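Just so we're clear, the structure is a prediction, and the values are computed from it rather than from any experiment.
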Amino acid sequence: MKSPRAVRFAFQPLYSLLTGGVVAHEALARPGHGTVAELLTQARRDGRLAEVDLGLAIAAVRQDETSLPLHLNLSARTLGAPPAMFDDLLAELGDAGRRTRDVVLEIGPPFSPLPAERALSGMRALTDLGFRLALDGLGRGDLPLSLLIDAPVDLVKLDRTVLRGLPDDPASVAVAEAVLHYTTRTGTRLVATGLETDAQLDAVRGLGIRIAQGNLLAPPTAAGPAPALLSRAPAVAAPGPAQCVGDFLRPATTLPETATCDEVREVLAAADAPSGVIGVDELNRPRWSVDRTRFLVAVTGPYGHALHAKRPAARLADSPHTIEARAGAMEFLELVTDADWGRTGDDVVVVDDVGRCLGVVLVTEVVRGVAEAKVEAAAALNPLTRLPGSDTVARDVARRITIGEAFVAAWLDIDAFKTVNDTAGFAAGDDLIRELGAALTAQAGGLRRMRVSHVGGDDFLVVCDVDEIATVAGALLDRHWSADGLPVTVSLATLVCGSGSIRSYQEVSRLLAPLKKRAKSVPGSSWVLSRPGAERVEVLRGIGTRGLQAAAG
């Protein structure tokens with residue numbers, strides 16, 4: 001039987017669907033011949049299952065070259081192994097400078113051969129060692145619901161066999177919703193696995209699942225850093241100027257990765273002592289991180305100097321948490337949450353696109369900066385609708401123009417709004433504006449690429465994908481609006497901008513103005529559409545038109 005030491009590993013990232021950032025990666029064994037299942041089956045027949053299972057985990061730790069949280073796979077049967085059998089894994093993690101808290105053990109089927117109480121006892125022993133646990137293969141294996149209820153796990157991985165029915169199979173959707181409800185109620189995180197199509201990704205994201213894994217996002221590869229940001233992540237348009245991690249950058253105090261504890265202590269004991277020290281290699285890539293308080297406690301305690309002084313500082317260091325300088329501040333905070341970075345007072349190392357240390361940031365400083373920006377942004381929200389002003393749409397339009405993306409810009413307002421106020425009163429008019437704002441907010445919640453601004457009064461701006469505008473228009477124009485019983489109509493002017501057809505947000509604004517005037521000339525709730533450079537205006541809604549049938553303007 002092949003030795004676990006001879007097995008190679010591929011590593012597949014887990015992504016946050018809120019930020020696009022890599023939050024961990026999973027080690028996947030790749031034997032030279034046969035499959036992992038065949039290897040473990042033979043080990044079980046030979047009475048060496050736990051030995052081989054843990055040997056694979058140890059080999060994965062040896063081959064891992066990143067500082068990302070690491071997911072290791074274990075068979076449920078191995079939960080029944082004596083605690084002493086995990087000593088070699090603990091020693092290997094220590095040699096690699098990893099904490100058990102940064103390792104997730106994914107417990108996979110079959111579960112039935114091991115009594116539930118013994119499985120739970122094994123899980124509790126692993127959590128006592130500091131490991132985080134995940135239940136793998138939910139929906140594929142024989143996981144009892146009673147074990148799911150009692151297991152001390154942080155994550156549950158929903159199997160690809162359940163998710164492959166998304167988005168069209170109602171039963172698959174229902175199962176995913178049920179598991180998501182369970183994880184939400186229990187404070188457990190749900191991971192969608194095996195994503196293969198954009199439709200599956202959109203469905204998973206629409207359900208509210210926060211973490212995903214699959215070949216669509218990134219296939220398993222040899223050890224090394226995964227792509228830092230997922231291009232399929234939704235664009236987050238926040239009011240106010242966008243903040244990135246680089247805005248909070250402070251200089252890093254670095255030493256060669258071979259530095260001794262004495263050398264680190266000398267730096268930390270200086271009058272202008274930093275909060276921590278980063279050990280870097282010859283290419284200035286971070287290899288370890290030392291927190292000032294924890295390090296000094298270790299080396300100044302009883303026998304601390306004798307035990308550590310001339311020995312490598314790496315033995316008292318942690319694996320560095322890293323993030324790219326271009327990442328947004330909100331992305332950073334989401335990554336901290338998803339990766340379960342417990343020590344938020346530690347320095348987080350900011351790196352460039354090839355992993356070189358640029359400096360450090362503190363989680364607390366980013367939190368404070370984002371909070372201050374949010375306060376400023378909240379002050380700019382419209383008091384009636386709590387929607388941002390035109391800057392939100394302006395930024396999204398500018399972004400789409402820059403990357404050559406097709407989009408639709410739309411202008412919505414209430415017909416004869418002054419008459420509404422004069423007839424029904426200002427309070428009824430305000431209520432109507434709030435109702436319109438709520439309808440647009442609800443639409444934006446369901447259409448992940450849609451952005452909404454309340455320009456002022458009864459005017460709203462929308463930008464969305466071309467295939468989303470019919471949904472938006474239908475939701476607004478199929479509804480019967482009224483102000484204190486007075487029937488009200490609305491006008492929607494839309495400009496379809498193909499890639500390269502528009503130069504600026506200012507041009508969009510200029511071209512929408514006559515379209516709005518045209519829409520308001522159409523009786524009833526109306527919708528008109530045109531394109532940059534086109535003289536033709538299509539009337540898609542209004543009294544005298546049929547549904548969405550176009551008429552020449």
Between D396 and R449, is any pair of side-chain heavy atoms under 4.5 Å apart?
-> no

Distance from E177 atom CD to I209 atom CD1, nearest 0.5 Å?
-> 9.5 Å

Which distance, rounded to the nearest 0.5 Å, do you find between the NE2 of H25 and the CZ of F9?
-> 11.5 Å

Minimum heavy-atom distance A519-S526, with the two atoms named | O-OG, 2.7 Å

Which value, rounded to the nearest 0.5 Å, describes the distance between N215 atom CG and T197 atom OG1?
-> 12.0 Å

For L190, does its backbone N or O pair with a side-chain atom of T183 as donor and acceptor, under 3.5 Å?
-> no

So how far is it from D431 CG to L436 CG, rounded to the nearest 0.5 Å?
-> 11.5 Å

Please test L362 against F248 for side chain to side chain contact (heavy atoms under 4.5 Å, CB included), starting from the C-alpha separation and ending with a verdict.
-> CA-CA 8 Å; L362 283 175; F248 303 92; over 6 Å; no

For W411 and A513, work out which heavy atoms get closest and say how close.
-> CZ3-CA, 3.9 Å

Distance col, row D415:CG vs T489:OG1, nearest 0.5 angstrom, shows 3.5 Å

Taking all atoms of both residues into account, what is the closest heavy-atom pair of W527 and I469, and its distance?
-> CZ2-CG1, 4.1 Å

Given side chain to side chain contact (heavy atoms under 4.5 Å, CB included), test Q213 with H71 step by step and report yes or no.
-> CA-CA 12 Å; Q213 183 181 24; H71 286 227; over 6 Å; no

Closest non-hydrogen contact found for P220 with Q12 is CD-NE2, 3.7 Å

Side-chain contact, heavy-atom cut-off 4.5 Å: E196 with R164?
-> no

Salt-bridge criterion met for R541 and D478 (N-O under 4.0 Å) = yes

When T385 is tested against each of R434, H454, E435 for side chain to side chain donor-acceptor pair (under 3.5 Å), which residue passes?
-> H454

Do the non-hydrogen side-chain atoms of T441 and L387 ever get within less than 4.5 Å of each other?
-> yes

Looking only at heavy atoms, the pair that brings A410 and L492 closest together is CB-CD1, 3.9 Å

Indicate yes or no for a side-chain donor-acceptor contact from T494 to the backbone of V528 under 3.5 Å, with no hydrogens or angles considered.
-> yes

From CA spacing to verdict: side chain to side chain contact (heavy atoms under 4.5 Å, CB included), V349, V351 = CA-CA 6 Å; V349 186; V351 298; 4.1 Å; yes

Quick one: pull up CD1 in I211 and CG in L158 and give me the separation to the nearest 0.5 Å.
-> 13.0 Å

Please check if the side chain of S390 supplies one atom and the backbone of V455 the other of a donor-acceptor pair under 3.5 Å.
-> no

So which heavy atom on Q443 is nearest to which on A475, and how close?
-> NE2-CB, 3.4 Å

Flag the pair V173 / L207 as yes when at least one side-chain heavy-atom distance between them is below 4.5 Å, and no otherwise.
-> yes

Got a sec, which residues hit side chain to side chain contact (heavy atoms under 4.5 Å, CB included) with R531, two or more places apart in sequence or on another chain?
-> V496, L529, A534, E538

Please list all pairs passing the salt bridge (Lys or Arg N to Asp or Glu O under 4.0 Å) test where one or both residues lie in residues 136-150, with sequence neighbours left out.
-> R140-D159

Are any of the side-chain heavy atoms of R451 and R400 separated by less than 4.5 Å?
-> no

So, the side chain of R132 versus the backbone of R101: is there a donor-acceptor pair under 3.5 Å, distance only?
-> yes

Does a side-chain heavy-atom distance below 4.5 Å link D459 with F417?
-> no

Hey, does L477 have a side-chain heavy atom less than 4.5 Å from the side chain of V490?
-> yes

Residue pair V156, L148: steps toward the side chain to side chain contact (heavy atoms under 4.5 Å, CB included) verdict | CA-CA 9 Å; V156 174; L148 181 63; 4.2 Å; yes

Are any of the side-chain heavy atoms of L515 and L512 separated by less than 4.5 Å?
-> yes

